[in-house]
2 protein chains.
Amino acid sequence: MATPANLEHVPVSLSPRDRFVEFLQSRGMRVTQQRLALVDQVFSRHEHFDADQLMEQLPESGKPGHVSRPTVYRTLSEFVDAGLLRKFMLNGRSVYEHDYGYPQHDHFHCTECNKLFEFQSPELIALRDQVARDHRFRVAGHRLIINGVCEACAKARRRASNHRMNMI
Amino acid sequence: MATPANLEHVPVSLSPRDRFVEFLQSRGMRVTQQRLALVDQVFSRHEHFDADQLMEQLPESGKPGHVSRPTVYRTLSEFVDAGLLRKFMLNGRSVYEHDYGYPQHDHFHCTECNKLFEFQSPELIALRDQVARDHRFRVAGHRLIINGVCEACAKARRRASNHRMNMI
DNA sequence: ATTTCTGCAAAATCTTTGCATTTAC
DNA sequence: GTAAATGCAAAGATTTTGCAGAAAT
């Protein structure tokens, strides 16, 4: 459910890598091996991730293809500036998700398994804009996280509960 | 707008202080001077605040009534457990707001002045619950922050812009 | 008298920065 | 060759923890 399977893909002309190269060149920044390695890794999977998880997906220190922690942080900021990633906070840490090529969406956060699930709701956007108009607030964007328990965890919970019942 | 002025007050039988004392006693915890000083300070104003701001509102180190930083953090967690405060993240830091005695609401966050403004929308709750049902997700709560520019900052911006125009 | 709480100092966590060296252009 | 980027080490910022002494019950 955290995969793109349930969300429409937004058609884009350039691959994330090409889009990033274009962004770098337009700003006189250099196309380095580290930046390319990171853009490739980040867009090889759709899951949400933090800086630590990204580092774990790359070769470890000393091995070719490794990228240092400061460079990972610096490059993640560049991805956000370039419109490739969106950043938000979860449990006090920065979490990133694909923005380029993916539609606006919001999240369920399961407090049992700690996973994020995406959903889209045009009605929500309409309501947001209406409420903002009512309060004369100029909307730039929003962040909504609905927390609770996902279906899988709810079932697991029920099983555990039934099991306890049988034991009595 | 961050004041309770625009939100209905939820009638509660106990003052926050009494509610907290009750909470402490029910859990065999002690009613200390620090806890009382903090509950009084926190509920003397309705603005959102972080741990630093709360400390600044108390007497400084050495003076009577001062509370140490670890105790402030520990007590803020207790307030959340007791249902007196709600905690959320803004720009990577923990921000607290009154929960006890105040209705469910969401926030506008002005990226110019960095202020938070509260609003209520029953429609939003209904929409949230509907979307959650559609995805078989059991809702426990949610956090919505709409970011953009508040009316005051938009006006200030327009004035600045007009001023620049006049100078040309 | 007992047990919890506080304050201090230190640690933990996540992120950013200064600077010398390396790399892209 | 020159300017920008990287990696290292160190610092920053926020929050948490271990523990001895203080305070509440």
Side-chain angles (χ1 to χ4, degrees), chain A residues 17 20-41 48-56 58-82 85 87-96 114, chain B residues 17 20-42 48-56 58-82 85-96 114:
Chain A
R17 181 185 176 128
F20 189 46
V21 168
E22 191 182 67
F23 168 84
L24 291 172
Q25 292 175 338
S26 74
R27 313 243 293 214
M29 297 164 77
R30 292 174 182 180
V31 180
T32 63
Q33 298 190 322
Q34 289 85 345
R35 281 171 175 152
L36 291 179
L38 288 170
V39 76
D40 286 347
Q41 180 56 47
H48 303 83
F49 65 94
D50 60 25
D52 255 321
Q53 292 170 320
L54 177 53
M55 291 215 65
E56 282 167 18
L58 294 163
E60 51 190 289
S61 187
K63 298 195 176 171
H66 173 77
V67 180
S68 71
R69 188 170 294 276
T71 296
V72 166
Y73 276 101
R74 284 186 282 236
T75 308
L76 284 171
S77 290
E78 292 163 9
F79 290 160
V80 172
D81 291 344
L85 294 183
K87 172 183 175 177
F88 58 101
M89 288 285 161
L90 197 64
N91 301 328
R93 45 198 308 159
S94 297
V95 176
Y96 298 85
N114 207 36
Chain B
R17 181 185 176 129
F20 189 48
V21 168
E22 190 181 67
F23 168 85
L24 292 172
Q25 292 175 337
S26 75
R27 313 244 292 214
M29 297 165 75
R30 290 171 184 182
V31 180
T32 63
Q33 298 190 322
Q34 289 86 343
R35 282 171 174 153
L36 291 179
L38 287 170
V39 76
D40 286 346
Q41 180 57 47
V42 159
H48 303 83
F49 65 93
D50 59 25
D52 255 321
Q53 291 170 321
L54 176 53
M55 289 215 67
E56 282 167 17
L58 294 163
E60 53 191 288
S61 187
K63 298 194 176 172
H66 172 77
V67 180
S68 71
R69 187 170 295 277
T71 296
V72 166
Y73 276 100
R74 285 185 282 235
T75 309
L76 284 172
S77 291
E78 292 163 8
F79 289 161
V80 173
D81 291 345
L85 294 184
R86 276 161 57 90
K87 172 184 177 177
F88 58 101
M89 288 283 160
L90 197 64
N91 300 328
R93 44 197 309 162
S94 298
V95 175
Y96 298 85
N114 207 36

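Letters A, B, ... are given to chains in the order of the sequence lines, protein chains preceding strands, and every chain is numbered from 1.
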Asks: Given dC8(C), dA9(D), dT15(C), identify the nucleotide with an atom nearest to the side chain of Arg69(A).
Replies: dT15(C)
Asks: Looking at dG7(D), I'd like to know if its phosphate oxygens (OP1 or OP2) sit under 4.0 Å from a side-chain N or O belonging to Gln34(A).
Replies: yes
Asks: Is any side-chain nitrogen or oxygen of Tyr73(B) closer than 4.0 Å to OP1 or OP2 of dT16(D)?
Replies: no
Asks: Nearest-Å distance, CG (Asn91(B)) to C1' (dC14(C))?
Replies: 15 Å
Asks: Quick check on DNA chain D: between Val67(A) and Ala51(B), whose nearest nucleotide comes earlier from the 5' end?
Replies: Val67(A)
Asks: Which heavy-atom pair separates Gln53(A) from His48(A) by the least distance, and what is that distance?
Replies: OE1-O, 4.0 Å
Asks: For Gly28(B) and Ser61(B), find the nucleotide of DNA chain C closest to each by heavy atoms; which residue's nucleotide sits nearer the 5' end?
Replies: Gly28(B)
Asks: Indicate yes or no for a side-chain donor-acceptor contact from Arg35(B) to the backbone of Thr75(B) under 3.5 Å, with no hydrogens or angles considered.
Replies: no
Asks: According to a strict under-4.0 Å criterion, is Thr71(B) in side-chain N/O contact with OP1 or OP2 of dC5(C)?
Replies: no
Asks: Ignoring backbone atoms, test whether Arg30(A) places a side-chain nitrogen or oxygen under 4.0 Å from the OP1 or OP2 oxygen of dA5(D).
Replies: no
Asks: Hey, which of these two, Gln33(B) or Asp52(B), hits DNA chain D nearer its 5' end, going by closest nucleotide?
Replies: Asp52(B)
Asks: From dT14(D), dT6(C), dG7(D), pick the nucleotide closest to the side chain of Arg35(B)?
Replies: dT6(C)
Asks: For Gln25(B) and dT25(D), what is the distance between atoms CD and P respectively, to the nearest whole Å?
Replies: 8 Å
Asks: I want to confirm an ordering. Mapping Met89(A) and Thr32(A) to their closest nucleotides on DNA chain C, which one lands closer to the 5' end?
Replies: Met89(A)
Asks: Given atom CG of Leu36(B) and atom P of dA24(D), what is their separation to the nearest angstrom?
Replies: 10 Å
Asks: Could you tell me how far apart Glu78(A) (CD) and dA4(D) (P) are, to the nearest whole angstrom?
Replies: 14 Å
